[in-house]
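Per chain, numbering begins at 1; letters A, B, ... match sequence-line order.
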2 protein chains.
Amino acid sequence: MASKVSTPGSESSSVQDYVKTIYALSEWHDEPVTSSRLAARLSVANSSVSEMIRKLAELGLVNHTPYRPVELTADGRRLALAMVRRHRLIETFLVRDLDYRWDEVHDEAELLEHTVSDTFIDRLDARLGFPSVDPHGDPIPTAAGAITLPDALPLDSFDDGHSGRVTRISDEDPQLLRFLAAEDIGIGSPVEVLGRTPFGGPLRARVGTGTGARDFSFGKELTGAIWVESVGRHAGCSLVP
Amino acid sequence: MASKVSTPGSESSSVQDYVKTIYALSEWHDEPVTSSRLAARLSVANSSVSEMIRKLAELGLVNHTPYRPVELTADGRRLALAMVRRHRLIETFLVRDLDYRWDEVHDEAELLEHTVSDTFIDRLDARLGFPSVDPHGDPIPTAAGAITLPDALPLDSFDDGHSGRVTRISDEDPQLLRFLAAEDIGIGSPVEVLGRTPFGGPLRARVGTGTGARDFSFGKELTGAIWVESVGRHAGCSLVP
DNA sequence: TCCGAAGTTTCGGCATACCGAAAATATAGC
DNA sequence: GCTATATTTTCGGTATGCCGAAACTTCGGA
Ligand SMILES: [Mn+2]
Ligand SMILES: [Mn+2]
Ligand SMILES: [Mn+2]
Ligand SMILES: [Mn+2]
């Protein structure tokens, strides 16, 4: 019988954040999740991560061999998706009902996700009309723990000449979000890659439609944070845990 | 210059809860706030309260002489009112926007009050139309820290024959709230005290208006939890810190 | 194959906030 | 005024989660 980690309850907020971060590091890329990557993301010392990983393993939330990367168990993944759902529903609520800007919601959601009850989350979900993505285009897992990842790639992995639509923008850096908002680039914006400037220079692309279309140079930070879905293709893969 | 405790920020949620509870114990009654009363309210050991009181004194939030009751300083009162405001606005939001029943909101607000930002609270306040009381009739302090206490008395201190309107019901006990809701007694209900049953028996009163009026026996728990404002009198005293 | 740099874990310590038991104090009744 | 009882504080200890420094493992290059 599977253990009952369908709902965050007994776990401390630290445990919840570690598990959620392990998931987040492997949601879009699939590099191994190491102690040092976790430490950097969570802004804690490596030694703190080592200790917590031992605890997570004891709780059955991760599998871990010392000195190796860490991986979520089925229970860990369930807990992570429950936290991701909370985080993204709260962000959506803050933008839609409390007039937050999309660069203001992440930090507030990072705290609230640990505090609200299941009832609160379910009521919010209903009130918002069961949204499928948050304000940054991140997919929102269902109450049952299913998530549909869009078939998107980071802008820097697009070939020259290809075009698509912005599907997701990393919400980690509020300044980046504010910059893009000021430039009128957001979820749904059409993009066509024109070419690369050599020696690590920016990626040039055509953004927007009709009269609003213009050329834009995307630096390294931006091309990694902006995810684009090819025009024509669609669907994405549905993963049920 | 007064210190800047206008906003909860650096204090831990424990500190916030202790200060809020000290205020709550003296808001309606004015018995001295002792360690043991605090311990009972907070469900912690007396020794824990003693230690925390020392800390609160160091933080300048309470005045305290060992073995004597504790009293809030001006800073402590400011912090307490900020927390009370948070608690009551959150309760109002849960009832009005998320369809919580009035007996479900207290526990959720008890946690959320420590987690939401000032921005969140201000947006909520505006969205709710700057409410002056919460779902239990408790007055909501303004952002500036002013609170208007209604001119109400507990039902058990009313003389026979007097009548009034229910102004406030303690939200401590969800079962009591559910019972009253089922009996259709709530904020605003008219009440006329008919008399007392001797030897600690219930207080009999006429409740409701017109065809809905009926006699009702209020036990000890109820007469202490229900606060009534005399019909005719009104106003209440406005306290600015 | 061996070595060193890079990454990981262990260890001793700190801060917060609890607890029960023991010591200290206040006060009510005599 | 003195003392017994109730209340409060102090004290040693637990649990969580963080840190830096030191010890340990891995792995690529020589
Ligand atoms: Mn978080
Ligand atoms: Mn987001
Ligand atoms: Mn609280
Ligand atoms: Mn209330």
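- Residues from residues 19-49 of chain B that place a heavy atom under 4.0 Å from any atom of DNA chain D, listed by number: B:T34, B:S35, B:S36, B:N46, B:S47.
- Taking only side-chain nitrogens and oxygens, B:S12 comes nearer than 4.0 Å to OP1 or OP2 of C:dA17.
- Between the B:R37 side chain and the B:P32 main chain, a donor and an acceptor come within less than 3.5 Å of each other.
- A cation-pi arrangement is absent between B:R178 and B:W102, since the terminal nitrogen or guanidinium carbon is not both under 6.0 Å from the aromatic centre and inside a 45° cone about the axis.
- Contact record, A:V33 with A:S26: CG2-CB, 4.3 Å, taken as the closest heavy-atom pair.
- Heavy-atom distances to DNA chain D give each of A:Y67 and A:K55 a nearest nucleotide, and the one nearer the 5′ end belongs to A:K55.
- Among the nucleotides D:dT9, C:dT8, D:dG17, the one closest to the side chain of B:H64 is D:dT9.
- Residues A:P131 and A:T92 come closest through the heavy atom pair CG-CG2, 4.2 Å.
- If one axis is set at each end of the helix from C:dT1-D:dA30 to C:dC30-D:dG1 from five pairs, those axes are 20° apart, to 10°.
- Results of the side-chain hydrogen bond (donor to acceptor under 3.5 Å, both in side chains) test with A:H87 over A:E113, A:Q16, A:H114 single out A:E113 as the only residue that passes.
- B:R196 has a carboxylate O that lies under 4.0 Å from a charged side-chain N of B:D160, or vice versa, which qualifies the two as a salt bridge.
- In this structure, of C:dG12, D:dG12, D:dC27, it is D:dG12 that holds the atom nearest to the side chain of B:E51.
- Contact annotation: B:Y18 side-chain N/O to C:dT16 OP1/OP2 distance is not under 4.0 Å.
- At whole-Å resolution of the value, CD in A:E58 and C1' in D:dT16 are 13 Å apart.
- The existence of a salt bridge linking B:R88 and B:E27 is confirmed by a sub-4.0 Å separation between a basic side-chain nitrogen and an acidic carboxylate oxygen.
- The distance between atom CZ of A:R54 and atom C1' of D:dT16, rounded to the nearest whole Å, is 13 Å.
- Checked against ring pair (Phe, Tyr, Trp, His ring centres under 6.0 Å), A:F93 has the following partners two or more places apart in sequence or in another chain: B:F93.
- A:R68 has a side-chain polar atom (N or O) that falls below the 4.0 Å cut-off from OP1 or OP2 of D:dC27.
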